[in-house]
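First the proteins, then the strands, lettered A, B, ... as listed; each starts at 1.
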There are 2 protein chains.
Amino acid sequence: MALKKKPVTGMKDMLPREMEIRDYVIQMIKDTYRTFGFSSMETPCVEHIENLLSKQGGENEQLIFKILKRGAKLNLETASCEADLVDGGLRYDLTLPLSRYYANHANELPSPFKALQIGNVWRADRPQRGRFRQFMQCDIDILGEASNLAEIELILATSTLLGKLDFKNFTIRINDRRILKAMAAYSGFPEDSYDEVFIILDKMDKIGLEGVETELKEAGYGQEKVDKYLELFKEVTNDLAGIRYLKEKLGSFLDQEVADGLSMIISSVEETKEAEFKMSFDPTLVRGMSYYTGTIFEISMDEFGGSVGGGGRYDKMIGKFTGQETPACGFSIGFERIVMLLLESGYQVPTQKEKKAFLIEKGMPEQGIVKILALAKEEREQGKQVMIANMKKNKKFQKEQLAQEGYTDVKECFVREFLPEE
Amino acid sequence: MALKKKPVTGMKDMLPREMEIRDYVIQMIKDTYRTFGFSSMETPCVEHIENLLSKQGGENEQLIFKILKRGAKLNLETASCEADLVDGGLRYDLTLPLSRYYANHANELPSPFKALQIGNVWRADRPQRGRFRQFMQCDIDILGEASNLAEIELILATSTLLGKLDFKNFTIRINDRRILKAMAAYSGFPEDSYDEVFIILDKMDKIGLEGVETELKEAGYGQEKVDKYLELFKEVTNDLAGIRYLKEKLGSFLDQEVADGLSMIISSVEETKEAEFKMSFDPTLVRGMSYYTGTIFEISMDEFGGSVGGGGRYDKMIGKFTGQETPACGFSIGFERIVMLLLESGYQVPTQKEKKAFLIEKGMPEQGIVKILALAKEEREQGKQVMIANMKKNKKFQKEQLAQEGYTDVKECFVREFLPEE
């Protein structure tokens with residue numbers, strides 16, 4: 001037969017060992033975020049193609065898995081371009097569908113609405129190690145809360161979750177788009193150059209201050225602007241003093257409330273956090289998504305080179321659906337990276353209950369089977385994981401296999417023990 | 001803006017109230033099936049189009065959401081038919097992907113392999129009340145177990161789950177494809193007419209014995225065959241005696257082991273079941289999927305007209321991928337119907353923890369916020385669900401809204417109480 005055994009390119013079959021960790025992490029996410037007042041919600045995996053291509057998704061719009069029209073709507077004869085052929089696509093993130101959902105259901109939802117979404121998203125990226133074309137995202141968002149309470153709760157909830165999964169000594173870096181802009185404005189960059197400047201600034205951790213200087217000059221910006229800009233980064237520190245420095249230095253370029261708000265978020269989180277981590281002000285943090293309007297944040301972990309989560313405020317996006325601006329702020333954890341780190345570290349799921357196996361000798365009469373089922377029932381009612389299997393010829397190998405799955409308590413059931421009473 | 005607010009046709013946004021029940025049912029499924037030794041596994045939602053169209057899926061193959069090729073592989077100029085345009089599709093069930101998965105990973109999996117899958121599937125069905133184009137399926141399958149232990153464990157696990165969700169007095173009807181065939185053979189129907197005969201027989205519960213007689217005759221079958229066939233259904237009972245009757249009557253048309261096996265499954269389950277339900281032998285049970293080879297079963301519930309789950313043995317399917325036959329048996333519960341029944345009955349999720357809300361008066365200084373966050377932290381550490389929100393002008397309305405969400409314990413935090421100590 002010509003059936004294909006491998007999963008489709010770039011996607012992944014999940015084996016039981018990985019699923020055990022995934023299930024555990026998902027349950028921990030639900031339990032933890034629930035204590036912070038987040039409610040589960042879900043949107044369909046398929047989204048209107050018009051919404052997916054509405055320029056909210058940046059580069060992800062190039063990576064959409066598109067869905068063919070069906071039935072009479074599909075006309076190959078007259079179709080002259082892709083748009084004639086498709087009417088939907090698989091969502092590439094959970095933020096755009098959340099905006100649509102909120103626009104559709106705002107009057108059925110509390111305000112503020114604290115949403116928890118756990119779901120797959122799809123991007124037709126070039127396949128590479130550890131990155132898949134279907135992957136799970138896990139987002140919390142607070143819609144309708146303009147104050148910094150949103151940022152504080154999002155950061156506390158996320159860090160508490162990571163702490164419960166035994167992650168320590170991570171850093172949550174925070175910045176504000178408005179600080180980014182004020183620093184550029186103060187240095188004399190014209191507004192239409194910000195995007196380019198920030199793309200270069202974003203490389204600071206890789207190419208350093210000198211590299212940024214070189215690239216800015218290569219992009220044609222004058223020495224004076226570049227010097228003034230980099231001077232700020234030389235002086236600023238990654239703490240509350242750094243924010244105070246910028247607040248003074250940038251003067252009227254920066255709304256004082258922005259600086260005060262950022263300080264307040266950092267100090268409130270530091271004083272009430274549960275997990276072992278630190279907050280760090282990072283004026284070089286850019287984050288790519290164009291929809292952010294205020295605070296932006298990202299989780300860095302020493303064990304793992306890159307970011308394991310991030311988010312920020314996007315106050316303008318929901319208005320694009322509703323016509324009415326709604327403050328919004330979200331935090332997404334890198335579910336797949338977290339699972340990968342746990343898998344690679346040999347993480348043992350702590351809730352794992354005792355496992356017991358019954359092996360049934362060949363020829364067991366029905367009464368014997370019933371007795372074994374009754375024994376298993378008792379154990380199962382206590383929450384124990386019970387396997388019942390027919391004894392194989394190579395019993396030693398069978399028991400080794402069961403032990404690998406964690407069934408160390410094996411009861412061999414021989415026919416002679418289970419013969420019906422006379 | 002032209003953004004669309006509604007979900008795509010036939011698919012559904014999940015509101016928090018429904019999600020609470022869905023999350024609860026999913027957790028109960030995982031907990032219960034785990035005690036029966038099932039392991040979670042997952043396949044990608046996207047499957048090779050060749051596999052989806054391999055004639056395993058019957059009518060579902062007409063309902064596939066197909067995915068457009070991407071990049072250089074897509075050539076609109078030269079495409080003359082749909083097949084030139086697509087390379088994948090959304091899975092329409094979990095059984096076909098399970099077969100591919102097992103073929104791909106058999107040497108990494110235990111034998112027998114007890115698999116639990118919970119996942120969305122997609123079918124471009126005509127939209128109708130209560131049926132959606134994206135819906136959750138929940139399947140357990142035992143691969144590599146030829147004995148009736150598979151059927152017994154599947155039925156016990158599924159019925160135990162339903163019992164834990166407070167369903168009572170349901171019936172699990174069971175039959176065997178080989179009994180269906182033996183009854184038709186005994187009555188003189190030629191083998192190539194079985195499919196047509198069974199489609200008519202399947203309507204027994206709607207059109208009755210007389211209706212079946214009429215339709216069989218209309219289809220051109222002779223009076224003698226039809227009489228002989230219907231005589232069997234008049235005499236047979238829905239219990240072990242019914243199976244004994246057929247065993248004698250059908251003689252060499254029916255393998256005696258099939259009848260004995262079915263009796264053994266029914267009596268073993270009856271003697272060891274945990275939930276309140278009954279097993280019923282139903283020789284009119286057909287089930288549509290063409291891949292079943294042996295036992296077939298279905299759950300009927302009085303509260304709900306139709307089936308809320310079903311399954312059976314499909315010993316030939318995995319061989320189509322691997323070239324090596326592997327015994328397989330599965331049971332799928334109607335997740336969406338179960339959720340719908342629970343929702344409509346006003347089901348209260350029993351694990352719901354206490355909920356507490358803090359309302360913060362406008363103008364609260366940072367020290368006050370920190371104190372409130374610390375109070376919330378204590379409650380959250382005890383597993384309580386805690387909402388922190390800014391007090392609104394219409395506090396009465398806000399508290400009513402919170403009460404609707406279950407936040408009846410509301411602490412109002414006034415600035416005067418939380419002033420910093422001098």
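Contacts of B:Lys356 with chain A are absent, with no heavy-atom separation under 4.5 Å from either backbone or side chain. In this structure, chain A has a heavy atom under 4.5 Å from the side chain of B:Gln27, while its backbone stays farther away. Residue B:Tyr33 does not touch chain A at all, counting heavy-atom pairs closer than 4.5 Å. Of the atoms belonging to B:Ile369, it is side-chain heavy atoms, and not backbone ones, that fall under 4.5 Å from chain A. For B:Leu149, the part lying near chain A is the side chain, with the backbone staying farther off; criterion is any non-hydrogen pair under 4.5 Å. In this structure, the portion of B:Glu381 lying under 4.5 Å from any heavy atom of chain A is its side chain and not its backbone. Residue B:Thr32 does not touch chain A at all, counting heavy-atom pairs closer than 4.5 Å. For B:Leu74, the part lying under 4.5 angstrom from a heavy atom of chain A is the side chain only.
Comparing B:Gly323, B:Ser39, B:Ser268 by heavy-atom pairs within less than 4.5 Å of chain A, the highest count is held by B:Ser268. Residue with the most contacts toward chain A among B:Leu76, B:Leu402, B:Thr43: B:Leu76 (heavy-atom pairs, distance under 4.5 Å). Taking B:Met387, B:Lys392, B:Gln404, B:His48 one by one and counting their heavy-atom pairs under 4.5 Å with chain A, the maximum is reached by B:His48. Contact count versus chain A (heavy atoms, under 4.5 Å) is highest, among B:Glu405, B:Glu153, B:Lys384, for B:Glu153. Counting heavy-atom pairs under 4.5 Å between each of B:Gln62, B:Gln401, B:Glu271 and chain A puts B:Glu271 at the top. For the set B:Ile26, B:Asn120, B:Leu85, B:Val86, the count of heavy-atom pairs under 4.5 angstrom toward chain A peaks at B:Leu85.
Without hydrogens or angle criteria, A:Gln134 side chain to B:Cys45 main chain gives a donor-acceptor distance under 3.5 Å. Here the side chain of A:Arg70 pairs a donor or acceptor atom with the backbone of A:Leu68 at under 3.5 angstrom.
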Compile the donor-acceptor pairs under 3.5 Å between side chains in residues 7-18 of chain B and protein atoms, sequence neighbours left out, one pair per line.
residue : atom : partner  : partner atom : Å
B:Lys12 : NZ   : B:Glu18  : OE1          : 2.9
B:Lys12 : NZ   : B:Glu18  : OE2          : 3.2
B:Asp13 : OD1  : A:Arg100 : NH2          : 2.8
B:Asp13 : OD2  : A:Arg100 : NH1          : 3.0
B:Asp13 : OD2  : A:Asn104 : ND2          : 3.4
B:Asp13 : OD2  : A:His105 : NE2          : 2.9
B:Arg17 : NH1  : B:Tyr347 : O            : 3.4
B:Arg17 : NH2  : B:Tyr347 : O            : 3.1
B:Glu18 : OE2  : B:Arg22  : NH1          : 3.0

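A cation-pi arrangement is present between B:Lys114 and B:Phe38 under the rule of less than 6.0 angstrom and at most 45 degrees off the ring axis.
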